[in-house]
Amino acid sequence: MVIAILPDGSKRELPDGASVMQLAESIGKGLAKAAIAGRVDGKVVDLSHKLVGEHQVSIVTDRDPDALLVLRHSTAHVMAEAIQRIWPKALLAYGPALETGFYYDIALDQPISSSDFEKIEKEMAAIIAEDRPFSRYELSFDEGMKRLQSEGNKYKVDNAQRAQAGGAVSLSWYATGQSGKNWEDLCMGPHIPSTGKIKAFKVVSVASSNWHGDVKLDRFQRIYGTAFFDKKQLEEHFKLQEEARKRDHRVIGPALGLFTIDEKVGQGLILWKPKGAVVRQELQNFIGMHLKRQGYQQVFTPHIGRLDLYKTSGHFPYYRESQFPPLVDREFISAKAEEGCTCAQLSNLMETGEIEGYLLKPMNCPMHIRIYASEQRSYRDLPIRLAEFGTVYRWEKSGELGGMTRVRGFTQDDAHLFCMEEQVAAEVQGCLELVKIILGTLGMKDYRVRVGLRDPDSAKYVGDPAQWDRAEAACLAAAESLGVNFSKEPGEAAFYGPKIDFVVKDVIGREWQLGTVQVDYQLPQRFELEYIGADNKPHRPVMIHRAPFGSMERFIGVLIEHFNGAFPLWLSPVQVAVLSISEKFNDYGQQVVNQLKEAGLRVEFDNSGDKIGAKIRKYTLEKVPYMLIVGEKEQAEGKVAVRHRTEGDKGAVSLTEFVTKATTAVGERQ
RNA sequence: GCUGCCAUAGCUCAGUGGUAGAGCGCCACCUUGGUAAGGUGGAGGUCCAGGGUUCAAGCCCCUGUGGCAGCUCCA
């Protein structure tokens, strides 16, 4: 006897071995028709899944978010079959569903390009039109393995072995149709009942990928697609993507004159234009205020430092792959040349760092450490908090660069806190408070917090396990006190200590790490830092690295998207535009402009011969918060007609009233 | 770095081997106006760079540079 406990708590009895579909039918015809899959004790299963005993069962229809994942996984099968029809030599590896679609990794010598998509889609449409059922069958592990080996697809063999390692005792296949007659794939499922349920789909893109994500292993062509239960949703999906593209900081940023990237200057190097510089400067002033309050001291350090410094810190050569090559000492190079050193040999010396020279700094910490070490420190001085907007340079691979979010030169709102171990918890908490203030002021609520812990099985993490435990406990406690949800992620720690990261999504849904707080026991040791304790003996301080914005480039890139280019008044590059009705009122307009400037506001004056409608349109598109329109009436009464970029006409007020309101809002960072 | 796609005016883009185009922007002139585009005219090109094929290349081929999507990486 099967007892199905439905979501409303009611029970339904069916004969043993009844399928989920039969359950759906027993509830109602409409439900059976809409059924895509079932959920048994929380796990999504096929409609054909046979029930035995008592379970919590619900029917998954197309309104259930899980249904979309099942549909997409099934569509991935259909796409794979279509691809194998066109290219019989294509070997399948792995084809999961995604939040926005699905992909299938395929090994095939011949490149598949976007011009092939139509052909693939045509084959897929044919398979869907046949409305073939997805039918599941299982083989014992040994039997299944024998079959896979005879088929000669090493990726599927590997998948099966991994399934076994995960505890599987049997292997399951899905035939798109009838086993033995139609296309089949080794697959855990679940799947939609039949291909006819796929009402809207599209092959979207192709990219390369590697087996198990390892660049040293076999390369695949990863074909992306997406699927929906109806055409409207599919169209909506692409429309949303297009809308997102319009918010992209790479589109908006240059259009609003915030920044530019110049091929002649170099890949991944940001040129901040005057308007972008205003935004950055305002943010820096804002954080500077809080740094003073929290007892930070400002420092400045150079952009290059001796290679030796970075050997001590461990950045070179350990991270040399992601650094610009060293700047070689001229004397050293001539001496080597006289010894008959070839270019190739010289290059090797640079690789290994056996060379006199300088490095463009990849991090600020070694410089701050040397400032700490320049004086004898007492426990009474601690914590010492050194802050700098420090520009660093990293050799990111060309394919990783893009916009302001991934660049080769960027400025961190960096600081290093040197403290006693018992001060770590309080200091980490202070850092988190700062991040919270920043995100709160800017109205950024959509972020997640990640506490990166060490993976005890990995050799990557250096240092004393007891210290790690204490540092991790301090980070977790600080994250706890933040009052927002956070995830613990073993293996995400820096090699020198645990960290707390703030991660946000961009308009395309890609995640970026912004603010970060990291506890470090390693660098103080490598640089043999000390302070004199109350016991008159030397002790080793602990360092905290922290950057609440992360980098100015990445942060502002994300910020542009967050505001869709419409910055709040205090951040707006141009806060007020004065628009004269006609050139007759330009003198009065100029007086208004002068007074606004006098009050410290950033103003632009449109005294051109354009009509007022055109002027309004121009500044609305430029997302200037306030437009002040001045004509005959305003001139006579000493007023300005206020228009807000989104709220429209706000009526006329005296100039002094506007100035008071605007400057107050700026002061309150609105 | 890898796979695929892309590169034409300041911007967005059209141009399938035979005399380089449009819209917006810019400049000038006319117009002097009341809350999202007034009119007319003009300037503006190394068709990403280098090489090749061809009587002839923006267009076809090769190499490089840069951009986009994804993979990988991200101290």
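Just so it is clear, the model here is predicted, and its values are computed rather than measured.
- Using a 4.0 Å heavy-atom distance criterion, A:Glu632 is classed as a base contact.
- The A:Ile616 side chain lies nearest to B:rA36 when the options are B:rA36, B:rG34, B:rG70.
- Contact of A:Arg406 with B:rC74 (side chain to base): a donor-acceptor pair of N or O atoms is detected under 3.5 Å.
- A:Leu401 comes within 4.0 angstrom of sugar-phosphate atoms only, judged by non-hydrogen atoms across all strands, and of no base.
- Remark: the A:Arg643 side chain and the B:rU35 base include a donor-acceptor N/O pair separated by less than 3.5 Å.
- Nucleic acid contact for A:Arg510: sugar-phosphate only, since backbone atoms but no base atoms lie under 4.0 Å from a heavy atom of the residue.
- In this structure, A:Arg247 is not positioned above the aromatic face of A:Phe563 in the sense of NZ or CZ being under 6.0 Å from the six-membered ring centre and within 45° of the axis.
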Contact pattern, 5' to 3', of nucleotides 4-10 of chain B - B, S or - by protein heavy atom under 4.0 Å = SS-----

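- As judged by a 4.0 angstrom heavy-atom cut-off over every strand, A:Arg222 is placed among residues touching the sugar-phosphate backbone only.
- Applying the ring pair (Phe, Tyr, Trp, His ring centres under 6.0 Å) criterion to A:Phe102, with sequence neighbours excluded, gives no partner residue.
- Within 4.0 Å (heavy atoms only), A:Arg250 reaches sugar-phosphate atoms of the nucleic acid but no base atom.
- The NZ atom of A:Lys264 sits 14 Å away from the P atom of B:rG67 (whole-angstrom rounding).
- Residue contacts for A:Phe220: at a heavy-atom cut-off of 4.0 Å it reaches no nucleic acid atom on any strand shown.
- Residue-level contact check: A:Ala255 touches neither bases nor backbone, having no heavy atom under 4.0 Å from any strand.
- If you check every strand for non-hydrogen atoms under 4.0 Å, A:Tyr224 touches sugar and phosphate atoms only.
- Nearest to the side-chain atoms of A:Ala614 among the listed nucleotides B:rU72, B:rG34, B:rG38 stands B:rG38.
- Between A:Glu657 and A:Lys661 there is a salt bridge, since a side-chain N of the basic residue sits under 4.0 Å from a carboxylate O of the acidic one.
- At a threshold of 4.5 Å between non-hydrogen side-chain atoms, the residues A:Met404 and A:Ile560 count as touching.
- Relative to the side chain of A:Glu400, the nucleotides B:rA36, B:rC2, B:rG1 differ in distance, and B:rG1 lies closest.
- Within the nucleic acid shown, A:Gly399 comes within 4.0 Å of at least one base atom, counting heavy atoms only.
- A:Lys154 and A:Asp218 are joined by a salt bridge, as a carboxylate oxygen and a charged side-chain nitrogen come within less than 4.0 angstrom of each other.
- Only the C1' atoms considered, B:rG70 is 40 Å distant from B:rA56, to the nearest whole Å.
- Within 4.0 Å (heavy atoms only), A:Gln241 reaches no atom of the nucleic acid at all.
- Ionic pairing of A:Glu561 and A:Arg510 is not present here: no N-O contact between side-chain nitrogen and carboxylate oxygen is shorter than 4.0 angstrom.
- A salt bridge links A:Glu243 with A:Lys246; the closest basic N to acidic carboxylate O contact falls under 4.0 Å.
- Pairing of B:rA20, defined by two Watson-Crick or G-U wobble distances under 3.5 Å, is not identified with any nucleotide.
- Nearest nucleotide to the side chain of A:Ser208, out of B:rG70, B:rU72, B:rG67: B:rG70.
- Look at A:Arg385 and A:Glu427 and you find a salt bridge, because one of the NZ, NE, NH1 or NH2 atoms lies within 4.0 Å of a carboxylate O, short of that distance.
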message = So if I define the base as every atom that isn't primed, P, OP1 or OP2, how would nucleotides 24-33 of chain B read as a B/S/- string at a heavy-atom cutoff under 4.0 Å?
response = --------BB

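- Nucleic acid contact for A:Gly613: sugar-phosphate only, since backbone atoms but no base atoms lie under 4.0 Å from a heavy atom of the residue.
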